[in-house]
Structures are given as structure tokens and as C-alpha cells.
Amino acid sequence: MQRWKDTGKVPGPVMVWTDAQVVNFLDHAAQHAPDLHPMWHYMAYRGPRRGEACGLRDSEVRLHRRETTINNQIATHGYTPVQKPPKSRAGNRDVALDADTVKVLTAYKARRAQWQLAAGPAWPDTGLFFVRPDGQPWHPNAITQRFRRLVRKAGLPPIRLHDLRHSAATIALDAGVDIKVLADQLGHSTTTLTRDTYQSVTKQLHQDAADAVAKKINQKRRKAG
């Protein structure tokens, strides 16, 4: 943060926001980009890839059960969007939803119904959950471009859209989520991939654990003394 403030340069190719910065961004997006805020919320809270969020099928969103199933993505070949299965078997997965995300997605469905009513017969049947106000699919590159512009306007440290996924993972680790549960959530084939990707975060968690143990022992010593 300090280096970015001093030089305007991003310190590394992969950066993550703190939980407070994620909240600031989502609050800003809710006000200035309400058409994309629900998708970004889903990505920030549950960590799907960009293509998986764009390709999320309407039939695979079960808000009454607080879950979604990821079995489709929109990838780009050059600039051409193409729907296809996730890149690995582990990518086909169920993703549980928290109460806040259910609330955001429920409100989005109501707004989408208003869009459809206004469009009438012109509304396309894409089968996708997240769509533009005209009902057409979101182009993944358009999502990224809108994200970059909004981050600049919000005055937040510049990160890639994919780094919302990294932020979701690091916040989950910091909250004590088990590495196997996190690997399943992210669609990683092994926990080794998850651990290696977020090694710096897990090291900090181990340091926190060491400090917590020392604090506990010192409290016992003081009582015994």
C-alpha cells in the first residue's frame, strides 16, 4: 500500500485487497455499477473465476438452498466468447452461499425480472444467471474493463479482476476455513495447489498461531506466578 501511494506502481503481479478494501469496493460498485455489483459480490465472497461467473447457469442457482453449481464457463478465444465446461474435473463443483450473498443475488433476480419485463419479446433466452440489462451475456473482457475503471474511481489499490478470487481465498484462510474446504470451493484439484498459491498467507497464519500459543502460555505463567 505504501509503495503504491508513494510511486503509483503496483508492487507485484498478484495483489490482494484486505477485507476492508473489498467492502469499500463493493459498496462503491453497488452505487456506481449496480448492473455488475451482484457478480462482483459473488466473486469476492465465493471466489469463482471470471469465466465461471459469466457462465453461471440460471438453472444452477438455488437460492432457497443457498448454493450454486459451477459446470459452465465463458472463455475467450481471441475476443470471441465461447461457452464450455470448466478447465478441470475439480472445476465442476457446488459452491455454498452465505446469507449476505443470497440477499444480494435475490435482489438481483428481482431487478433482472424488471429488465425482462421492460424488454418484452426482445429478451433473449440465454440460460445464464448474470446478464446485461438487455438480457445478453456479459463478455468477460467487458467485465474486466469495467472493473479496472471502477477501481480507479474508487481510489483503491489497483488489482486484477482475477485477484478478487485471491482476495476471497486469503480472507477465507484468515477466517480459519480449512484448506480442503477452500480447495473444493475454488475448484482446485488438490490442496497442494491451494497451499502453494497462498503460501505467504498460510505462513502468516502459522505465525499468528505461534503468537496465540505463546500468549496463552504466558497468561498461564502470570496466573501461576
Side-chain angles (χ1 to χ4, degrees), residues 22 25-27 29-147 150 161-162 164-165 167-169 172 181-188:
V22 170
F25 170 76
L26 292 177
D27 286 347
Q31 182 177 358
H32 298 283
D35 54 341
L36 276 172
H37 167 259
M39 183 192 291
W40 287 333
H41 177 105
Y42 179 57
M43 295 175 70
Y45 272 59
R46 306 309 299 147
R49 300 172 179 89
R50 179 187 71 171
E52 293 170 343
C54 290
L56 182 64
R57 291 189 171 115
D58 200 28
S59 60
E60 302 297 351
V61 177
R62 297 172 291 280
L63 298 179
H64 63 290
R65 294 174 57 179
R66 292 176 51 175
E67 68 178 11
T68 61
T69 296
I70 293 176
N71 55 18
N72 186 53
Q73 65 171 328
I74 297 181
T76 54
H77 292 175
Y79 187 76
T80 304
V82 178
Q83 292 196 46
K84 62 181 185 178
K87 63 180 183 179
S88 69
R89 184 184 304 176
N92 289 277
R93 63 199 187 276
D94 292 334
V95 176
L97 303 177
D98 58 281
D100 287 345
T101 300
V102 169
K103 183 178 179 181
V104 168
L105 298 188
T106 299
Y108 162 73
K109 283 192 69 175
R111 174 173 290 181
R112 191 186 65 182
Q114 294 175 347
W115 294 343
Q116 183 174 359
L117 183 63
W123 184 264
D125 183 14
T126 65
L128 298 174
F129 184 73
F130 293 116
V131 293
R132 297 176 350 199
D134 62 0
Q136 294 293 337
W138 281 106
H139 193 293
N141 290 3
I143 303 295
T144 297
Q145 292 166 5
R146 289 275 301 277
F147 177 79
L150 201 66
L161 176 58
H162 190 70
L164 271 187
R165 174 175 166 85
S167 295
V181 173
L182 181 58
D184 290 343
Q185 172 191 323
L186 296 176
H188 287 169

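Positions are given from 1 along the sequence.
- What you find for Tyr45 and Thr101 is that their closest heavy atoms are CD2-OG1, 3.5 Å.
- With sequence neighbours left out, Asp98 forms a salt bridge (Lys or Arg N to Asp or Glu O under 4.0 Å) with no residue at all.
- When all heavy atoms of Leu56 and Thr69 are compared, the pair lying nearest together is CD1-O, 3.7 Å.
- Minimum heavy-atom separation, Ser167 to Val22: CB-CG2, 4.2 Å.
- Contact of the Tyr42 side chain with the Leu97 side chain is registered, since non-hydrogen atoms from C-beta on lie closer than 4.5 Å.
- The distance from the NE2 atom of His188 to the CG atom of Leu182 is 7.5 Å, given to the nearest 0.5 Å.
- From Asp94, atom CG reaches atom OG1 of Thr68 across 7.5 Å, with rounding to the nearest 0.5 Å.
- The shortest side-chain heavy-atom distance between Ile70 and Pro48 falls under the 4.5 Å cut-off.
- No side-chain heavy atom of Val104 sits under 4.5 Å from any side-chain heavy atom of Leu26.
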> Stepwise, does the side-chain contact (heavy atoms from CB on, under 4.5 Å) test hold for Arg146 with Trp138?
Replying inline: CA-CA 11 Å; Arg146 289 275 301 277; Trp138 281 106; 3.8 Å; yes

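- More than 12 non-hydrogen atoms from other residues, nucleotides or ligands lie less than 6.0 angstrom from CZ of Arg62.
- How far CG of Leu161 is from CG of Leu150: 11.5 Å, rounded to the nearest 0.5 Å.
- Between Phe129 and the choices Lys109, Arg57, Met39, the side-chain contact (heavy atoms from CB on, under 4.5 Å) rule is met once, by Lys109.
- Remark: Ser59 OG to Asn72 CG distance equals 9.0 Å, nearest 0.5 Å.
- Contact of the Val61 side chain with the Tyr108 side chain is not registered, since no non-hydrogen atoms from C-beta on lie closer than 4.5 Å.
- Nearest approach of Ile74 to Gln83, heavy atoms of both residues: CG1-CG, 3.8 Å.
- Note that the NE2 atom of His37 and the CZ atom of Phe25 stand 8.5 Å from one another [nearest 0.5 Å].
- Sorted by first then second residue, the salt bridge (Lys or Arg N to Asp or Glu O under 4.0 Å) pairs that include residues 44-55, not counting sequence neighbours, are Arg49-Glu52, Glu52-Arg93.
- Counting heavy atoms from C-beta on, the side chains of Arg111 and Pro34 come closer than 4.5 Å.
- Within the 4.5 Å cutoff, the side chain of Gln73 has heavy atoms near those of the Lys84 side chain.
- Looking at Ile143 and Trp40, their side chains come closer than 4.5 Å, going by heavy atoms from C-beta outward.
- Listed here is the closest heavy atom pair of Ser88 and Gly187: OG-O, 4.1 Å.
- Contact check for Asp58 versus Val131: no side-chain heavy atoms found under the 4.5 Å cut-off.
- Pro140 approaches Thr76 most closely through the heavy-atom pair CG-CG2, 4.0 Å.
- Note that SG of Cys54 and CE of Met43 are 7.5 Å apart. Values are rounded to the nearest 0.5 Å.
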